[in-house]
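Residue numbers start from 1 in every chain, and the chains themselves are labelled A, B, ... in the order their sequence lines are given, proteins ahead of strands.
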2 protein chains.
Amino acid sequence: MPATSPPPPLLLADADCCIPLGVDPLDDDSAQQLAHAFKALADPVRLRLLSIIAAAPSGEVCACDLTAPVAKSQPTVSHHLKVLREAGLVASRKHGTWVHYRAVPEQLAALRQVLALDPVSAP
Amino acid sequence: MPATSPPPPLLLADADCCIPLGVDPLDDDSAQQLAHAFKALADPVRLRLLSIIAAAPSGEVCACDLTAPVAKSQPTVSHHLKVLREAGLVASRKHGTWVHYRAVPEQLAALRQVLALDPVSAP
DNA sequence: GCAGTCTATCCACATCTATCGATACATCCA
DNA sequence: TGGATGTATCGATAGATGTGGATAGACTGC
């Protein structure tokens, strides 16, 4: 049923949850959002998928070219891509039968900023 | 039995697994190590603990002051601190009966570097 | 020594998650 | 229109993980 639309990828850049860890203790809500984002990175298959996508010269990679490098089944790769998409780390674009994935630099930058200890070292 | 010593915290800075994601696709071993580190960050309680430790003015926090802020039991907090310690994100120091925890900036910097897309933006 | 306190470990349990076969959906082409 | 292909979803299952009570170990002060 289309009553419940798919949850939009949470954009950390828009939230107030990206204060460097060393500056202010996290409140509970921010910690929940950040944990969700880091959870998407907490799997070797997803890290490899993200690195393949991010390192692509064209900036985009067809999903059909992602199953072989990670040596997983097509449903498994699709599941991991969904997790990365819902975490806002990648974005997808339909191109006929194929789906092309690209990295979202803003989300990666937001996570980098959180891992900083002082406010100045955050780019 | 003390035959098996506790595993040392894996130091990403010493490994060759900290190449920015956008530069080179990750090999399987590097992905495993990185996933282990990000897994430590993939829990809201651990993120809050790490932020409290990293934001401490003295640079250290007694474990006895960490149970109340996160509203978890002492065994649970001890477990999460162990995960952070084994991931190399915090270090501990015994001070009599108490144990003081401090953040490990090098490990956080290594993870930040991985989340970069281009080699120059890595500090 | 002994009681009290702080920390880590052990154990059990509920929940979450990665994985893959089967299948549905969407699109293209003949 | 029908077959082929790429992708997403469903269902089931094995393994990982968060949580806390009970308990052991370490240290302090009396």
From C-beta outward on A/Cys62, which listed nucleotide comes closest to its side chain: C/dT19, D/dG20, D/dT7?
D/dT7
Toward the 5' end of DNA chain C, by each residue's nearest nucleotide, A/Val83 or B/Val99
B/Val99
Separation of C/dA8 atom P from B/Arg93 atom CZ, nearest Å, is 14 Å
Of all the choices, D/dT9, D/dA8, C/dA8, which nucleotide is nearest to the side chain of B/Ser78 once you look at every atom?
C/dA8
Rounded to the nearest angstrom, tell me the gap between atom CD in A/Glu86 and atom C1' in C/dC16.
15 Å
Can you tell me which nucleotide in D/dT19, C/dT19, C/dA8 comes closest to the side chain of B/Val45?
D/dT19
Closer than 4.0 Å, any side-chain N/O of B/Thr76 to the OP1 or OP2 of D/dT19?
no
Residue B/Lys94, side-chain heavy atoms: nucleotide from D/dT7, D/dG20, D/dC27 that is nearest
D/dC27
Between D/dG18 (C1') and B/Lys82 (NZ): distance, integer Å:
14 Å
Of all the choices, C/dT7, C/dA8, C/dA18, which nucleotide is nearest to the side chain of A/His79 once you look at every atom?
C/dA18
Rounded off to whole Å, could you give me the CG-to-P distance for the B/Asp43 and D/dG18 pair?
5 Å
Take A/Leu49 and A/Leu89 through the test side-chain contact (heavy atoms from CB on, under 4.5 Å) and record every step on the way to the result.
CA-CA 11 Å; A/Leu49 289 172; A/Leu89 292 168; over 6 Å; no
C/dT7, D/dC27, D/dT5: which one has an atom nearest the side-chain heavy atoms of B/Thr97?
D/dC27
From the list C/dA8, C/dA22, D/dT7, which nucleotide is the closest neighbour of the side chain of A/Ala63?
D/dT7
Given C/dT9, C/dT19, D/dT7, which nucleotide is nearest the side-chain atoms of A/Trp98?
D/dT7
Within the 4.0 Å heavy-atom criterion, would you say B/His80 contacts the bases, only the backbone, or no part of the nucleic acid?
sugar-phosphate
Would you indicate, yes or no, if D/dA8 has its OP1 or OP2 atom less than 4.0 angstrom from a side-chain nitrogen or oxygen of A/Tyr101?
yes
With a 4.0 Å limit, can you tell me whether B/Lys72 has a side-chain N or O closer than that to the phosphate oxygens OP1/OP2 of D/dG18?
no
Rounded to whole angstrom units, what separation is found between the CG atom of B/Leu84 and the P atom of C/dA8?
12 Å
Are B/Phe38 and A/Leu117 connected, step by step, through hydrophobic side chains (Ile, Leu, Val, Met, Phe, Trp, Tyr) whose heavy atoms are closer than 4.5 Å?
yes
